[in-house]
2 protein chains.
Amino acid sequence: MAVKSTLRDRRRLQTSREIQRAALLLALRHGYDQVTTEMIATEAGVSQRTFFNYYLNKDAAIIGTAPCFDEDTVAWFRASSGPLLADLLQALRHLLTASDLDRGTSQLIDRLLGRSPELLPIFYGSLKRLRDQIADLAVIRLGEDARPDAELLAEAMSHALADTFRIWANDDAMSADRIVDVAAAKLQVLRGYLAQT
Amino acid sequence: MAVKSTLRDRRRLQTSREIQRAALLLALRHGYDQVTTEMIATEAGVSQRTFFNYYLNKDAAIIGTAPCFDEDTVAWFRASSGPLLADLLQALRHLLTASDLDRGTSQLIDRLLGRSPELLPIFYGSLKRLRDQIADLAVIRLGEDARPDAELLAEAMSHALADTFRIWANDDAMSADRIVDVAAAKLQVLRGYLAQT
DNA sequence: GCACAGTAATGCATACTGTGCAATATTTGC
DNA sequence: GCAAATATTGCACAGTATGCATTACTGTGC
């Protein structure tokens, strides 16, 4: 299906970005817990009620919504028969090339995480949907019995990805293509630690 | 320093347990988001204000507070020079033998997590302090530069531990001593997945 | 261009969470 | 017992989040 782009859709996208931008700037200026949803709404030029129409809660407005796999990628994974980890990483590559990341916003998020570490759980939590999807894909290969282990793998992968995301945000020389490669390297470091028995 | 056990301390412990028990039973009966802090307070026989003196928020009352390393364990780790993973697991063994776990409460938590999966992030989040401590210990060995990797390792370990905790809660034949061993086995499964390149 | 259907924005009322503060009650150490 | 320390409570209040009704706007068919 083609991407519809009516006036309404463009406005919607722009408003959601303005709200997030307002939230980030206010949080950087005054500190996260000194910012109220009403301040964010006013700064973004909407009512508080509209703010909650766009974001379920204050956290979501700050960190934003992480992307997740589309149907094509899931279908590709089902059809592929490579090694589990390699295929999962490949699926993530599809994902990251599809979603165009905004380095400016990412930098603001990264700076805010440095200043307000209490937001870190929320940041990692924002990847929940992606993490669940990774676990679902892994379960396809491993079987339903291995779901807890699949979730452990998904947790490690999404954590490594989130770390790499912050590295990318602050390194203009790094292209988005390399995010998954760097994350994969982090996972191999982890494997090294787990081998030291 | 000896464990002081005045009337005040015993009451405090008992009240905190009564509040948690009330929170768990009410959440199991009515569903987590149908339970208010006032209901919990009333059920536990205290005022709502006292409820918030014991727990910072509703989540903390439900899931409770996870234990964390004592100074002795940290000192032992600093002095030891075994392989990193082995020493971290040994520190966790110290921790678990020190804190006497209540299987009854753990079962209630486990049942609630099954019924209200939206609480899972809160459950894993409750191990935040322990996770930070594990990362701190790992950083002692790996150096400050490796902190992100140490945190990734700590995340995997605490996740595996949390999973194993739920297994233990439902298996009366399993002694608490074995929790760390089973968690370690889970980490080796993870290592296997990470090796499949 | 126009009317109508669908969608979005807003105001208002309301329930609930969480905190600060002051008053009261209880425990502890002497 | 008495005074200091600590715990409990009520009350007021700011903030988060939701439901509902109203109003404004956009897309579509004619």
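Residue numbers begin at 1 in each chain, while the letters A, B, ... track the order of the sequences.
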Please confirm whether the shortest side-chain N or O distance from T36(B) to OP1 or OP2 of dC16(C) is below 4.0 Å.
no

Is D136(B) paired with R131(B) through a side-chain N to carboxylate O contact shorter than 4.0 Å?
no

Report for the helix from dG1(C)-dC30(D) to dC30(C)-dG1(D): angle between first-end and last-end helix axes, five pairs each, rounded to 10 degrees.
30°

Within a reach of under 6.0 Å around CZ of R141(A), are more than 12 heavy atoms found that belong to other residues, nucleotides or ligands?
yes

Tell me if the CZ atom of R93(A) is crowded by more than 12 foreign heavy atoms within 6.0 Å.
yes

K58(B) has an atom NZ; how far is it from atom P of dG18(C), in whole Å?
8 Å

How long is the gap from CG on L194(A) to CG on L187(B), to the nearest 0.5 Å?
5.5 Å

Looking only at side-chain N and O atoms, does S47(A) come under 4.0 Å of OP1 or OP2 in dA9(C)?
no

Are more than 12 heavy atoms from other residues, nucleotides or ligands located less than 6.0 Å from atom CZ of R147(B)?
yes

Heavy-atom side-chain proximity of I109(B) to L113(B) below 4.5 angstrom
yes

Separation of dA14(D) atom P from I40(A) atom CD1, nearest Å, is 19 Å

Over how many whole Å does the gap from F51(A) atom CZ to dG19(D) atom P extend?
16 Å

Return a single string for nucleotides 20-30 of chain C, one symbol per nucleotide in 5' to 3' order, where B is base contact, S is sugar-phosphate-only contact and - is none, cutoff 4.0 angstrom on heavy atoms.
BB----BBS--

Q48(B) CD to dG10(D) P, in whole Å, measures 10 Å

What do you reckon, is CG of L56(B) surrounded by more than 12 foreign heavy atoms closer than 6.0 Å?
no

Whole angstrom value for the distance that separates P of dA17(D) from CG of N57(B)
13 Å

Rounded to the nearest angstrom, tell me the gap between atom CD in Q14(A) and atom P in dA9(C).
12 Å

Between OH of Y55(B) and P of dT19(C) the distance, given in whole Å, is 16 Å

The side chain of F52(B) is closest to which nucleotide in this list: dG15(D), dA9(C), dT19(C)?
dT19(C)

Do the side chain of S116(B) and the main chain of L119(B) share a donor and acceptor less than 3.5 angstrom apart?
no

Is N53(B) touching bases, backbone alone, or none of the nucleic acid, heavy atoms closer than 4.0 Å?
base

Any Y54(A) side-chain N or O less than 4.0 Å from OP1/OP2 of dA8(C):
no

Between CD1 of I62(B) and P of dT17(C) the distance, given in whole Å, is 11 Å

